[in-house]
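Working notes, beginning with the structure itself.
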Amino acid sequence: MSKADLFERRRRVMMPCYGHFYGSEPLELVRGRGTRVWDAAGKEYFDFFTGVAVNSLGHCHPEVVEAVARQLETLQHTTTLYLHESVVGLAETLARLAPTGLSRVFFCADGSGANEGALLAASAATGRRNFIAFDRGLHGRTALTMEVTGIGFWKNDSFPMARAHHVPTPMDEEGAEESLGAVERLLNSPAGEEIAAFIAEPILGNGGIVVPPHGYFRRLKALLRAHGVLLIADEVQTGFCRTGAWFGMQRHGVSPDLMSCAKALGNGLPVAVWLATEEVAAAYTRPAASTFGGNLAAMAAAATVVGIMERDGLAHIAEVRGSRFRALLAGALSGFGEVAEVRGMGMMIGVEIGGPGNAAMADCDRVLCALRDRGILAGKTGPGRNVLTFLPPLTATEEEIGFAAEATREAFAATRGSSARC
Ligand SMILES: Cc1ncc(COP(=O)(O)O)c(C=O)c1O
């Protein structure tokens, strides 16, 4: 069957909300190993997008595959109504690695579910129902997580529940002051008394790889605490070594009251988790469980992933290699005036393309296609879909990041001044 047939079948049967990269030439991937993936025609690529920060150990990591296969042959699924050592053991490991104080664990199956749980627990703990979030944040696809999502591109709700206040995303020092000022005014207003929590990504992923200035979250946490408001770290994208620490908030030197994680935890198996302090957990006592939260194959994957990350020191590697990749990209793109900024932290890197909205978005699309032609898969993020985004495996080698940086230079050069559609 041709790719065009498959594309057409997908268009007919799947919800119209689904998007895809590469315009009229969507990519059909059929195989992966380590940093590499192959399409249906046999062409090889370096996957520098990892299914949006999921395959942090690369594709089909042999130790993860073996652990999952062994578990599938032993016992695939039970329920948290029964005991299983792997569920308790993983919870203990996560509580040990998490920012200080996050000692209680709830497993579920995706990032939206983890955030939904954290938001609900924050409401239960404070007796308040509303939230604050960044205007460029993304927190999920369910009704409440979409409510707190700020970025317009991903808002797909005709009847918002008006439970979220959005404040400016701190893009730089000046923006940080503006953002904290907005939070303070809100907390001091009558609406402030109804705020349960502020939910924030430590580094905004879909918002265009935005790193809030150092010190922002410390000041935010102090402000929130003074008003009895909790801080939820959405670490769905930043968790598990991607930013150069186990969790992104650790790079900001802050311990949140709740934290949600998903994506890289299973390296491709669906597993998610949210954690909270004893104090918050004490209010979360009504019966709750998630059918697939604690699924044994997912637990086997997650325990193996975390074990490998710890054994191989991947947080440190992500920091070193990510800094190097950022520097290589900045050097390779220094002659291109259309590049507004190369930014990020660890192995979470964005190249913002400047210019008027639609033109910048089209430029980003052309570079994305040119990169694909050169054997590199990247992504695009940002409110204007104009931030070329790299989320490589943390295991990518020095040679691979060097190749990707050079391919990016070539892609910008090849598409310069072009108006071709991609
Ligand atoms: C920061 C963040 N939070 C939440 C989500 C939603 O996660 P999921 O798609 O697993 O529900 C995403 C997905 O990209 C994300 O990047």
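Every number for a ligand or one of its atoms is a count from 1 in the order of the listing. All values derive from a computational prediction rather than experimental measurement.
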D365 backbone acceptor or donor facing R385 side chain under 3.5 Å: no

Please identify each residue that fulfils ring-ring contact (aromatic ring centres under 6.0 Å, His included) with F336, with sequence neighbours left out. F412

Test of understanding: with ring-ring contact (aromatic ring centres under 6.0 Å, His included), list the residues that count as partners of H77, not counting sequence neighbours. F292

By the side-chain hydrogen bond (donor to acceptor under 3.5 Å, both in side chains) test, which pairs, at least two apart or in different chains, include something from residues 22-32? none

Between E235 and T238, is there a side-chain donor-acceptor contact under 3.5 Å, judged purely by atom types and distance? yes

In order of chain and number, which residues sit within 4.0 Å of ligand 1 by heavy atom? D110, G111, S112, N115, L138, H139, G140, R141, E201, N206, D234, V236, Q237, K263

Axial cation check for Y45 ring with K43, 6.0 Å and 45° limits: yes

